[in-house]
A.B. asks: 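Before we start, here is the structure in question, set down as structure tokens.
If you read the sequence from its start, that first residue is 1, and numbering goes on from there. Keep in mind that this is a model prediction, so the values were computed, not measured.
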Amino acid sequence: MTEFILALLQKKNKLKLTTLYQVLIGKKTSSVLSYAFFMELLPYLGCLPHLTEKQYKQEIDVLIKQKQLRIQEGVLYLEEQGTLSFLETDDYQHINYFRFGRKDETAWRLIQYFIQQLTQTTPMRDLEMTPYYLHIIERALLKEKNQKRHVFDELHLLFSRLPTEQSNLLVGTLSGGTLVGETFYQLFPEVNTVKGQLYRASAWHFLYQMILTHPNYILYQIVKQPFFETLNQSVLTTRKMFFTTPTIESIAKKRGLKASTIRDHLIEWAILDEQFPFEHFDFSLFEQSFFTKEHIYLVSYKEVQERLGIPEVDFLTYRLYQIKRKRETLAKIRTTTI
């Protein structure tokens, strides 16, 4: 756990003590989501949902006593920049708890059960018996002939793109034909550690990311439901109404929600979707030299009001402008590294 906290700080050098905890346990308020997006922590949102505040503070205290970090005005600072953190190695590059974390284990169980049912040649004890799994798998098994060949080709391609050790780890837990797969703990005892959990998550999340870009895959039909369920359905409803309803207030009235809730929906949508329609908002107020020359996403709303001398600056418009600028920065980084 301490190694993980240090690795996060090595990426950013300083992080808010309380907000980092809220990111790790997966608190999804618009302010926490925004902070996670701006500080590039979204991949770790909800990675430690059972972490208690007491445990978190104990880990922080250990690092302070070891003089590896310090706290100043509620902010964690790394005392000394270390070597490349484990989070920046290839084995951890595909972690995405924001998109896959809530259902990553469910999706893998679905794949395991599907492979077992599709390929078993002798009776085996079913991996799953609950209606949720049975419904999805039974529906998939009825869809087309020659599934074994297609699924084999899909798995071969997908696993060939994973790092070899992670591919072997996932394959080792599959049951099929007369072969009974092992548990993750049998193959990889470190899975019970935070670092081991993140290692497996990177493999899972990379696999799901690839599957969801191929809607023609049979495996897409297996995992699409759990990951659709993780999307905020209320945000999706607001997104749909945004293009046909003139104002935030009118959307709120039609939905019987507060206008502030609709604003939070728009912020979450902008963070989630690279195709968010920023062109529907007027950002001219912020297109001034003292904003365009700096990381606007690090400038507080209060400071913006003071600089502009306008106490009535619309918070939603400013937050969306911050998200837009951060997206532009990330796009430049991707272009530079390609």
A.B. asks: Looking at the rings of Tyr113 and Tyr133, which for Trp means the six-membered one, are their centres under 6.0 Å apart?
C.D. replies: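 When the ring centroids of Tyr113 and Tyr133 are compared, they turn out to be at least 6.0 Å apart.
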A.B. asks: Val62 and Leu24: same hydrophobic cluster, using ILVMFWY side-chain contacts below 4.5 Å?
C.D. replies: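 No, Val62 and Leu24 fall in different hydrophobic clusters.
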A.B. asks: With distance as the sole criterion, is a donor-acceptor pair present between the side chains of Gln322 and Arg319 under 3.5 Å?
C.D. replies: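 Arg319 and Gln322 do have a side-chain donor-acceptor pair below 3.5 Å.
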A.B. asks: Count the heavy atoms of every other residue, nucleotide or ligand shown that sit under 6.0 Å from CG of Asp90, and state whether that count exceeds 12.
C.D. replies: no
A.B. asks: Can a side-chain donor-acceptor contact be found between Glu59 and Gln55 if the only test is distance below 3.5 angstrom?
C.D. replies: no
A.B. asks: Counting distance only, does the side-chain N/O of Tyr77 pair as donor-acceptor with the main-chain N or O of Gln72 below 3.5 Å?
C.D. replies: no
A.B. asks: Should we count CZ of Phe278 as having more than 12 external heavy atoms under 6.0 Å?
C.D. replies: yes
A.B. asks: When you compare the side chains of Ser234 and Arg255, does any donor N or O come within less than 3.5 Å of an acceptor on the partner?
C.D. replies: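 Side chains of Ser234 and Arg255: pair found under 3.5 Å.
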A.B. asks: Does Lys253 NZ have over 12 foreign heavy atoms under 6.0 Å away?
C.D. replies: no
A.B. asks: Please check if atom CD in Glu165 has more than 12 non-hydrogen atoms from other residues, nucleotides or ligands closer than 6.0 Å.
C.D. replies: no
A.B. asks: Under 4.0 Å between a Lys/Arg side-chain N and an Asp/Glu carboxylate O for Lys28 and Glu268?
C.D. replies: yes
A.B. asks: For Glu53, is there any backbone N or O sitting under 3.5 Å from a side-chain donor or acceptor partner on Tyr21?
C.D. replies: yes
A.B. asks: Would you kindly check if the NZ (Lys) or CZ (Arg) of Lys195 is within the cone defined by 45 degrees around the ring axis of Phe86 and under 6.0 Å from the six-membered ring centre?
C.D. replies: yes
A.B. asks: Would you call Arg307 and Glu303 a salt bridge, taking side-chain N to carboxylate O under 4.0 Å as the test?
C.D. replies: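 Looking at Glu303 together with Arg307, the answer is yes, because their closest N to O distance falls below 4.0 Å.
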A.B. asks: What pair of heavy atoms forms the shortest contact from Gln147 to Ala140, and how long is it?
C.D. replies: NE2-O, 2.8 Å
A.B. asks: Does atom NZ (Lys16) have a neighbourhood of more than 12 heavy atoms from anything else shown, all under 6.0 Å?
C.D. replies: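 Open.
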A.B. asks: Calculate, to the nearest 0.5 Å, the distance between atoms OH and CG belonging to Tyr44 and Asn96 respectively.
C.D. replies: 10.0 Å
A.B. asks: Which of these passes ring pair (Phe, Tyr, Trp, His ring centres under 6.0 Å) with Trp204: Phe184, Phe100, Tyr199, Tyr97?
C.D. replies: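 Going through the options one by one, the only one that passes is Phe184.
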A.B. asks: Go through it in stages, so that I can follow the logic: the residues are Leu285 and Ile310, the test is side chain to side chain contact (heavy atoms under 4.5 Å, CB included), and I'd like the CA-CA distance, side-chain angles, deciding distance and then a yes or no.
C.D. replies: CA-CA 10 Å; Leu285 186 63; Ile310 305 174; 3.9 Å; yes
A.B. asks: With a 4.0 Å cut-off, would you call Asp153 and Arg149 a salt bridge?
C.D. replies: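 So Asp153 pairs with Arg149 through a salt bridge.
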A.B. asks: Looking at His156, I'd like to know if its NE2 atom is crowded, meaning that more than 12 non-hydrogen atoms belonging to other residues, nucleotides or ligands lie closer than 6.0 Å.
C.D. replies: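 No.
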A.B. asks: Working to the nearest 0.5 angstrom, can you tell me the gap between Ser202 OG and Asp104 CG?
C.D. replies: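 Going from the OG atom of Ser202 to the CG atom of Asp104 covers 11.5 Å.
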A.B. asks: Taking everything shown except Tyr185 itself, do over 12 heavy atoms lie less than 6.0 Å from its OH?
C.D. replies: no
A.B. asks: Checking Asp91 against Thr89: is there a side-chain donor and acceptor pair closer than 3.5 Å?
C.D. replies: no
A.B. asks: Check the side chains of Glu88 and Tyr92 for a donor-acceptor pair under 3.5 angstrom, ignoring hydrogens and angles.
C.D. replies: no
A.B. asks: For Glu190 and Thr193, does a side-chain donor sit closer than 3.5 Å to a side-chain acceptor?
C.D. replies: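 Not at all, the side chains of Glu190 and Thr193 share no donor-acceptor pair under 3.5 Å.
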A.B. asks: How long is the span from the CD atom in Glu40 to the CG atom in Leu8, to the nearest 0.5 Å?
C.D. replies: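 It comes to 12.0 Å.
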